[in-house]
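Note sheet for the following structure.
So you know, we letter chains A, B, ... as the sequences are listed, proteins then strands, and number each from 1.
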Amino acid sequence: MTTPTEAIDEVVPATRDVVLDLHRRMVRIRRFEESSGKLVETGEIPGFLHLYVGQEAVASGVGAVLTDDDQITSTHRGHGHAIAKGAELRPMFAELYAKTTGYCKGRGGSMHIVDMSRGMLGANAIVGGGIPIAVGAAFASQYRGDGGVAVSFFGDGATNIGAFHESANMAAVWDLPIVFVVENNGYAEFTSQERHMRLVDIAERAASYGMPGVIVDGMDALAVREAALEAVERARRGEGPTLIEAKTYRFFDHQGIKGMRIPYRDPAEVEAWKSRDAIRLIETIGIERGLVSAEEFEGIWAEVEAEINDGIEFARNSPDPDPADILDDVYTV
Amino acid sequence: MTTRELTYVKAFNEGMHQIMAEDPDVFLIGEDVAGYGGVFHMFDGLLAEFGERRVKDTPIAEQAIIGLGVGAAARGLRPVCDLMFMDFVGVAMDQIFNQAAKMKYMFGGAVSVPLTITTAGGAGMSAAAQHSQSLEAWLAHVPGLKVAMPASPYDAKGLIVGAIRDDNPTIVVLNKKMLGVKGEVPEELYAIPFGQANVVTEGDDVTVVAIGRMVVEARKAAEALDKQGVSVELIDPRSVQPLDTETIVASVKKTNRVLIVHEAVEFGGIGAEISSQIQEQAFDYLDAPVARLAAPFAPVPYAPVLENAYVPDAARIEAAVRRLLERR
Ligand SMILES: Cc1ncc(C[n+]2csc(CCOP(=O)(O)OP(=O)(O)O)c2C)c(N)n1
Ligand SMILES: [Mg+2]
């Protein structure tokens with residue numbers, strides 16, 4: 001059983017702008033995920049979805065310190081990463097609805113959202129598949145000297161695959177401008193962390209590649225943002241990679257919203273983590289510190305709701321792909 | 001022989017239970033195969049029956065999963081290593097084609113590798129490009145490997161047992177869209193050896209060779225054609241390596257026309273090999289060029305409208321047979 005990290009004693013300083021920015025990123029992710037989860041259940045959206053609800057602070061805290069020129073690679077649980085990197089909800093919904101107006105023209109679906117204009121190099125349905133690609137993106141920045149940084153998001157389970165280890169070592173030995181962000185939600189599908197690795201802190205893996213390993217409370221967006229800022233600045237200075245381990249939790253099942261076929265998680269564990277909900281945490285901080293009022297937070301929820309409805313409406317009214325175009329884009333011509 | 005109706009996945013599962021009960025050297029490893037019984041329920045109940053020594057969840061580590069199987073098989077055990085989705089063979093490919101496939105020959109016959117790899121392939125679920133592929137031609141191309149693609153509950157049980165009893169590295173590719181397909185399955189343990197085609201329906205006018213789930217679609221097409229007075233001989237090779245060309249060629253010599261159907265892309269697909277074998281062995285019997293129906297040369301698309309156009313179905317098989325018959 002995993003237990004949530006204790007509420008941080010250390011007070012991460014924050015400005016009003018930072019709190020508002022992180023809050024909006026997280027609420028956009030939360031509402032996108034909850035709505036698309038429902039749409040899959042009702043059969044309006046095909047395929048399967050791996051929802052990011054619970055982990056919003058991680059993508060948001062990291063996304064907040066990146067520019068559109070910085071690159072990220074993502075996973076099967078990638079909607080949050082795309083949104084935190086600035087993706088628009090209209091083409092995201094349209095992609096889930098398999099429409100031509102979607103980010104992949106309906107070709108990729110949930111597990112393959114991409115937005116090159118915002119440095120979102122694509123979600124990935126192969127566990128670990130995105131990690132070496134981020135190393136390549138970081139290499140391109142170093143090669144060109146453009147000051148860009150790459151971030152690769154992946155899960156605890158992905159750190160057991162060879163691609164992670166090969167990538168971490170190569171990035172370290174070449175001082176590549178990359179940040180490895182492992183979102184430790186305690187499970188790889190239905191297998192708990194203690195059943196898939198001996199370590200408790202995945203950050204320890206950094207030492208074997210000669211890079212810093214940092215543990216951060218993945219339910220606290222401010223803390224994630226701080227850690228990400230330091231790692232990103234280090235990478236920009238040419239000092240090489242960092243591995244950030246964010247301790248977090250997914251509130252829904254591995255896939256979809258509905259309950260689990262077998263009870264692989266203790267309900268008490270789920271509740272304990274839910275009580276540390278990242279969005280509620282930042283709202284509490286904002287209000288307690290007098291930075292943002294409760295009404296303002298409510299206003300953000302309302303604005304996001306309008307954006308969600310607009311995105312779904314847009315997706316519903318968009319055209320289906322034409323089977324006559326099925327061979328387009330196999331090659332660059 | 002008592003039979004009863006079982007689903008494809010239950011039949012497979014029963015085969016696993018019975019062969020593990022029979023042979024204590026058989027063990028199973030893979031991601032979420034134990035506690036969860038596999039994401040497709042393929043391995044339900046095995047942990048409860050055989051315990052953690054023989055049924056193990058692994059970390060996400062496809063290369064090590066297969067490599068462990070190779071090493072354990074070389075020591076005489078009979079590992080079943082699961083790769084969940086067929087697309088993940090990509091991650092484990094070195095162990096599959098440089099190691100498992102070659103050890104027997106490269107070491108001058110010194111070692112056998114009775115490894116079984118299980119996985120699920122096929123499109124039709126909006127699972128997109130990295131979770132929908134049919135890569136049997138890749139695997140069948142490598143000397144030393146054997147590849148089966150069960151197309152019925154009866155075959156799902158018989159082929160997994162045949163694979164595990166085989167002294168070579170075998171890959172059993174279930175089709176994830178067929179999991180709930182029902183059919184008659186004997187209660188007792190039986191094995192279907194690789195390399196024996198199944199003549200699903202006998203006929204005189206045209207031969208259809210179909211692979212994996214396409215057998216189900218071709219059977220529907222054959223029924224429709226039968227009502228129109230066209231008699232189809234439907235052949236399911238069951239394994240694409242080894243391939244039972246004898247049965248296929250004999251059928252073509254009888255019908256003089258043949259259509260090959262698979263859901264993998266047409267270019268370089270197993271249909272190309274079957275077609276070559278036919279023209280080499282039955283050229284003088286052909287009344288029309290060997291026809292193929294398969295996926296276009298593109299990754300599997302997510303959108304249902306595209307995916308439906310991508311994967312052959314009964315209607316398109318029927319149309320292809322009609323075109324073949326019109327050809328003089
Ligand atoms: C190479 C590969 N192996 C297995 C899978 C099936 N799979 C999808 S998600 C997943 C678990 C991933 O766990 P983790 O990395 O912790 O990410 P999380 O789902 O917890 O976000 C597995 C095994 C896959 N997609 N790719
Ligand atoms: Mg995880």
(message) Before you tell me yes or no, could you show the steps for B:Glu31 and A:Thr191 under side-chain contact (heavy atoms from CB on, under 4.5 Å), namely the whole-Å CA-CA distance, both residues' side-chain angles and the distance that decides it to 0.1 Å?
(response) CA-CA 8 Å; B:Glu31 293 155 21; A:Thr191 301; over 6 Å; no
(request) Please look at B:Phe297 and chain A and tell me whether the side chain, the backbone, both or neither of the residue comes under 4.5 angstrom of a heavy atom of that chain. (result) both
(request) Grab the two heavy atoms, one from A:Pro321 and one from B:Val305, that are nearest each other, plus how far apart they are. (result) O-CG2, 3.5 Å
(request) Measure the CD1-CD1 distance between A:Ile126 and B:Ile60 for me, rounded to the nearest 0.5 Å. (result) 11.0 Å
(request) Name the option with the most non-hydrogen atom pairs under 4.5 Å to chain B; the candidates are A:Asp328, A:Asp320, A:Leu96, A:Val127. (result) A:Leu96
(message) I'd like to verify something: which residue of A:Asp325, A:Asp322, A:Ile326, A:Asp329 has the highest number of heavy-atom pairs under 4.5 Å with chain B?
(response) A:Ile326
(message) As an exercise: rank B:Asp57, B:Asn308, B:Asp87, B:Thr58 by heavy-atom pairs under 4.5 Å with chain A and give me the winner.
(response) B:Asp57
(request) For the pair A:Phe48 and B:His131, name the ring-plane relationship: parallel under 30°, tilted 30 to 60°, perpendicular over 60°. (result) perpendicular
(message) Heavy-atom cut-off 4.5 Å, strictly under: side chain, backbone, both or neither for A:Gln255 against chain B?
(response) neither
(message) Working to the nearest 0.5 angstrom, can you tell me the gap between A:His196 NE2 and B:Asp32 CG?
(response) 9.5 Å
(message) Check this for me: A:Met170, atom CE, are more than 12 non-hydrogen atoms of other residues, nucleotides or ligands nearer than 6.0 Å?
(response) no
(message) For the CD atom of A:Glu95 and the OH atom of B:Tyr302, what is their distance to the nearest 0.5 Å?
(response) 7.0 Å
(request) Could you tell me which of A:Gly157, A:Pro46, A:Ser110, A:Gly102 has the largest number of non-hydrogen atom pairs under 4.5 Å with chain B? (result) A:Pro46
(message) Let's test your reading of the structure: which of A:Lys99, A:His254, A:Met111 forms the most heavy-atom pairs below 4.5 Å with chain B?
(response) A:Met111
(message) Under a 3.5 Å distance rule, please check whether B:Tyr310 uses its side chain to pair with a backbone N or O of A:Pro323 as donor and acceptor.
(response) no
(request) Grab the two heavy atoms, one from A:Ile161 and one from B:Ala61, that are nearest each other, plus how far apart they are. (result) CG1-CA, 4.4 Å
(message) More than 12 heavy atoms of other residues, nucleotides or ligands under 6.0 Å from NE2 of B:His17: yes or no?
(response) yes
(request) Kindly give the heavy-atom pair with the smallest separation between B:Ala128 and A:Gly108, and that separation in Å. (result) CB-O, 3.3 Å
(request) Side chain from CB out, backbone as N, CA, C, O: work out which of these in A:Asn124 comes under 4.5 Å of a heavy atom of chain B, or both, or neither. (result) both
